Amino acid sequence: MSRVRQLTRNFDPKKYEPEILKFWDEARVYERLRDARKGSKRFHFLDGPPYPSSDMPHPGTVWNKIIKDSVIRFKRGEGYDVLDKPGWDTHGLPIEVMTEKALGFTSKKDIENYGIDKFVLKCKELATKNLKSMTGHFKEFAVSMDWDRPYRTFENEYIESAWWGVKKIWESGRLYEGERPVHWCPRCETVLSDYEVSESYKDLMDPSIYVKFRVRGSENEYLLIWTTTPWTLPGNVAVMVHPNEKYVKVRVGRDLLILAKARLEAVMKDAGIEKYEIVEEFEGRTLEGLKYEHPLEDLVSVQQRLKDEHRVVLSEEYVTMEEGSGCVHSAPGHGKEDFEVGMRYGLPVVSPVDERGRFTEDAGKYAGLQVREANNIIIEDLDERGALFHRGTVIHKYPVCWRCDTPLIIRTTKQWFVKLTDLREKLLEESGRAKWVPKWGGERRFRDWLLGLEDWIISRQRYWGIPLPIWRCESCGHVEVIGSAKEIEEKAGAKLEDLHRPWVDGVTWKCPECGGEMRRVPDIMDVWYDSGVSFFASVGYPHRNREVFQEIFPVDFITEGHDQIRGWFFSLLRMGTLLFNQVPYRSVLMHGFMLDEKGREMHKRLGNYVPPPEILKNVARDTFRFFVLTKVPWQDLRFSWKGLKEMERRLSVIWNVYVFATTYLRDRELGQLPPKEELDPVNRWVLSRLHSMMKRVRESMNEYHLHVASNEILSFLIDDLSHLYLRVARKKLRSKDRSVADQWGKVLFHVLRETLPYLSIFAPLMSEKIYLESFRGENDPDSVNFLLLKDPDDGMIDPELEDMMRHIRSIISASGFARSNAGIRKRQPLRELVVVTENDMVRRAVEVFKDVLVTEANVREVRLGEAPTDGKWAHADFSEGSVFLNLEMGDEEILGGLARELTRRIQLMRKELGLTIGLERIEVYVQGDEDVKRALERYYDEIAWDSDANVIKFISNEREVPGSSFGKEWEVDGRRVFIWVKKVE
RNA sequence: GGGCCCGUGGCUCAGACUGGUCAGAGCGCCCGGCUGAUAACCGGGAGGUCGGGGGUUCAAGUCCCCCCGGGCCCA
């Protein structure tokens, strides 16, 4: 037999939420839950590791974790053994830069003087401190991941897994060292990936100059080029023109200038020149091979070696008629497009700039200068040599370092690459294998991105990261790639406690080819490599947990914000395809960004950022969870205090549903549900709704339509239970007929009990509180988290019955409308409700749910019929017909109304005395007019039953009232009535 | 310049993949009611040419095209 206990009346999440969190922690609920599910079918969730750049997560990150948590809870409820390991992306430049700032460093030299070992330990310390603090914030929102056993990318085991991957790539022949122009931060002194660069462009003011390159062998003929980076001119080796555009030779003063016809007017306007004359017109392609003189060749030493190289080359892709002169200055050492075209023409690559962004000796006069500082000197030198056509400035978007804001440069360096370009097709195919929610996330956005794929630079010239496991012989260049710590031990006899730099840098061994010294390439790896291998490195594969990995690959579910299409979703796909020839995840849910109340991005520095503790100060944890989970996940979400308050009110209604129900159900024997055939239609209806709700929640959760599932349960609890079912049930639960009260009690209990585990997916704290305080039986587990989601039973779902109830609702609503138009209050019973309709289902509904109509419309009779033609009627229409209320008031109606008024007054007085219904009984004494007396006589039983009165006595003299009674004078419909209530001891 | 998403009553948003009971909900506002869920709850009302225009169709917030506005990504 099950029993329930009364639930605390006050909805006070501020009080119970911390208690529940503490209970979960102390009772090790999740740990035991994981143990309990061991051996069940597995569901592998993979956490996209957040970057611990701060001790406080962004509210959007909390949203992200809540989404994950709801899926994890749901799958646990379905009985799965869920892998719920959280992850942390701990390496990389942001942590390094923060550490540098904390130590007051400005360059790599400072780090090396300080000691790489100490520096790396500081980085680790910072990452650890932040991830611990962030963990605390996530736990506050009831995120039930395995916080004690996260994967962290700085752990030796993780690094070993990553190394194994590098070795495998090497063995597949895709790892190569190459020379390329790359984005470079002169402060951090490292290469940056395209992805890192695209993060931040800033408006910068730069020179905008037109320069004349004299055609070799001519007196006064020039190619006119345009550039905003004068410092790249020392690296110039060619001029690109468009083969299919018209070019012109123009006379300006004594000079003949060559430029694109389409740009002529704009250029002359820019330069403020009004007088010019076209002397010749030709196709761009005819310029191919035309040689010219570099204007600074006397100053730049490397240019003297290149005298015969400078010439015109063709490019359709990179010459635009949108800006410039149509003659594009090309420095293959300082531009990706230039490099590509240069390769095609076999042009030399010149990049006379060092890692700190200073010109090298090759740059002659400019050696030692910071490149951006050299701009003006170069411009003056051009002017002195008569090569400057026009000088201006421009404000344009220019890439800066995403961590330190230093303007980036492009310089050519040796880097390690992974060849990907030939994998484009395979990646596209694999990306199509994953289920994307929403569909367009994968289909359009992702595909577009994959089409622009290039080889991947995986080396970085920094300290805090996974060391690139490449060793090379200093004498013969022989290369070995290492896949584990054990290999290091075997080769070098070194046992490393920490696989990071600088400790790993000291490991050397003898070259098997020539006996020279094998030394590690000093680079570390791109952090996107770190998170990209998480699908196997998080479990330590292949050095550990091989069987587990076989079972869980590919992972079932990942979810991150839409910024991660090009980030983690892609890096996982890339690593999955490189190492296992397949996409490593089955389903991806792409979620939106959290915006502020005005729809702008939320940022600390914009000051519109709401720290998670601030949210907790104002609303319940479950409120925030429900708030975010009821929104369409893949759209951006607007933070809203108003919205949160509103959600909190809805949760308090749910709480009240349970309070109300337990008030009636407590201390009752609540056994098995009676067979369906014996049930009242309203009970059959509510059970049908219960199973429909469960079905819908299960289906939509499995589709990752979290908003559908969460709204479904809200509307079940609020619209169906609170607004309708409980109103009807209230009277039935107190029925004198034991079998009626019993049936309704059992059904209500059943419905609320089965709903609890469903509710706990979204509002785990509230569910737990209700479960522990009221619903947990003697043999039940000690936490709601252990409960399984009951499977929906199609046999219990009756769509027709649900439809009928919808009609009943509209009839009730129409009858309310008719009443309010006629000015008759709801408490006043009326004689008759006539429903006029042609719709068969409505007619059946009226028959089936007559009881509901009688109580909800407060009438004595309900019948189907024709529109009445005589008498006093109030009338209103609903979608399938009309309702008519008989307004004629006989004795029956007047006395009935009076009886309800009297009941209500007695109830108010009971309450004032603090008496509990069903527990304490009373005696009532009433003094009033003849109607009051008659109402009391006729409705004696009802009034006495409703108010738990042993006796109700109509008196003519006040002296008949016992001394200790509580008396009050009332006015009821213009009548004076005295009521006394006395508690029966 | 290219791609993607969004634009539904005063506010916040469902509905759009699978055209046809989809013009909805909550809040706010106005009117009324209920009263052992009560610093709650219930009913009703006003309010939207579903950003604009064109097209497909017997039928279009829903599909197609163009434009406008907002956002994101890329170049």
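Remember, predicted model here, so these are calculated numbers, not experimental data. To find a chain, count down the sequence lines: A is the first, B the second, and so on, and within it residues start at 1.
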- Side chain of A/E646 - closest among B/rG26, B/rU35, B/rA40: B/rG26

- Between B/rA40 (P) and A/I654 (CD1): distance, integer Å: 16 Å

- Considering Watson-Crick and G-U wobble pairs with both distances under 3.5 Å, what does B/rG1 pair with? B/rC74

- Query: How many Å lie between CZ on A/R806 and P on B/rC22, as a whole number?
  - Reply: 10 Å

- Message: What's the gap between B/rC34 and B/rG43 when it is taken at their P atoms, as a whole Å value?
- Response: 14 Å

- Note on the structure: Paired to B/rU8 by Watson-Crick or G-U wobble criteria (both distances under 3.5 Å) is B/rG15

- Item | Atom pair distance, as rounded to whole Å: NE2 in A/H705 and P in B/rA16 | 10 Å

- Task: Could you tell me whether the side chain of A/T623 and the main chain of A/V619 form a donor-acceptor pair under 3.5 Å?
- Result: no

- Parallel, tilted or perpendicular: ring planes of A/F639 versus A/F624, cut at 30 and 60 degrees: tilted

- Message: We want to know whether A/D636 and A/H562 form a side-chain donor-acceptor pair, criterion being a heavy-atom distance below 3.5 angstrom.
- Response: yes

- Message: In whole Å, measure the gap between the C1' atoms of B/rG71 and B/rC65 for me.
- Response: 23 Å

- Message: Checking contacts here: which listed nucleotide (B/rA40, B/rU35, B/rG15) is nearest the side-chain heavy atoms of A/R900?
- Response: B/rU35

- Task: Please work out if A/R649 contacts a base, only the sugar-phosphate, or nothing of the nucleic acid, heavy-atom cut-off 4.0 Å.
- Result: sugar-phosphate

- Task: Ignoring the backbone of A/V653, work out which of B/rA14, B/rC13, B/rC41 is nearest its side chain.
- Result: B/rC41

- Note on the structure: When rounded to whole Å, the CD1 to C1' distance for the pair A/I811 and B/rG43 reads 16 Å

- Query: Say you pick atom P in B/rC50 and the same atom in B/rG44; how far apart are they, in whole Å?
  - Reply: 25 Å

- Between A/S640 and A/V659, name the one whose nearest nucleotide on RNA chain B is closer to the 5' end. A/S640

- Query: Using atom P of each nucleotide, how far apart are B/rC68 and B/rG32 to the nearest Å?
  - Reply: 50 Å

- Message: Over 60° means perpendicular and under 30° means parallel, so tell me whether A/W873 and A/F884 are parallel, tilted or perpendicular.
- Response: perpendicular

- Atom pair distance, as rounded to whole Å: CG in A/L714 and C1' in B/rC27: 15 Å

- Out of B/rC41, B/rC6, B/rG15, which has the shortest distance to the side chain of A/V632? B/rG15

- Nucleotide forming a Watson-Crick or wobble pair with B/rU21, both distances under 3.5 Å: none

- Message: When you measure from the centre of the six-membered ring of A/F627, is the NZ or CZ of A/K631 closer than 6.0 Å and no more than 45° off the axis?
- Response: yes

- Query: When syn is taken as a glycosidic angle within 90 degrees of 0, is B/rG43 syn or anti?
  - Reply: anti

- Hey, is the side chain of A/S715 pairing donor to acceptor with the base of B/rA25 inside 3.5 Å? no

- Message: I'd like the P distance from B/rG24 over to B/rG61, given in whole Å.
- Response: 13 Å

- So which nucleotide from B/rG71, B/rA37, B/rU35 ends up closest to the side chain of A/D636? B/rG71

- Message: Any strand counts, and the cut-off is 3.5 Å on both contacts for Watson-Crick or G-U wobble. Which nucleotide pairs with B/rC41?
- Response: B/rG33

- Atom CE of A/M647 and atom P of B/rC11 are separated, to the nearest Å, by 20 Å

- Among B/rC13, B/rG15, B/rA37, find the nucleotide with the atom closest to the side chain of A/H707. B/rG15

- Item | B/rU8 and B/rG52, which share atom name C1', separated by this distance in whole Å | 14 Å

- Side-chain contact check for A/Q635: nearest option of B/rC6, B/rA37, B/rU35 is B/rC6

- Message: Looking at A/A260, is its backbone amide N or carbonyl O close enough to the side chain of A/E245 to form a donor-acceptor pair, meaning the two atoms are under 3.5 Å apart?
- Response: no

- For the side chain of A/N656, counting heavy atoms from C-beta on, which of B/rU38, B/rC41, B/rU35 is nearest? B/rU38

- Message: Tell me which one of A/I718, A/T630, A/L717 satisfies side-chain contact (heavy atoms from CB on, under 4.5 Å) with A/R650.
- Response: A/I718

- Query: Given the C1' atoms of B/rG70 and B/rU18, what is the spacing between them in whole Å?
  - Reply: 29 Å

- Message: Side chain of A/H562 only, heavy atoms from C-beta on: which candidate in B/rU35, B/rC72, B/rC13 is closest?
- Response: B/rC72

- Taking the same atom, C1', in B/rG48 and in B/rC11, what whole-Å distance lies between them? 14 Å

- Query: What is the ring orientation for A/W655 with A/Y16, classed by angle as parallel under 30°, tilted 30 to 60°, or perpendicular over 60°?
  - Reply: parallel

- Item | Separation of atom CG in A/L637 from atom P in B/rG70, rounded to whole Å | 22 Å

- Rounded off to whole Å, could you give me the CH2-to-P distance for the A/W634 and B/rC13 pair? 16 Å

- Note on the structure: Assert: residue with more 5' nearest nucleotide on RNA chain B, out of A/D803 and A/I906, is A/D803

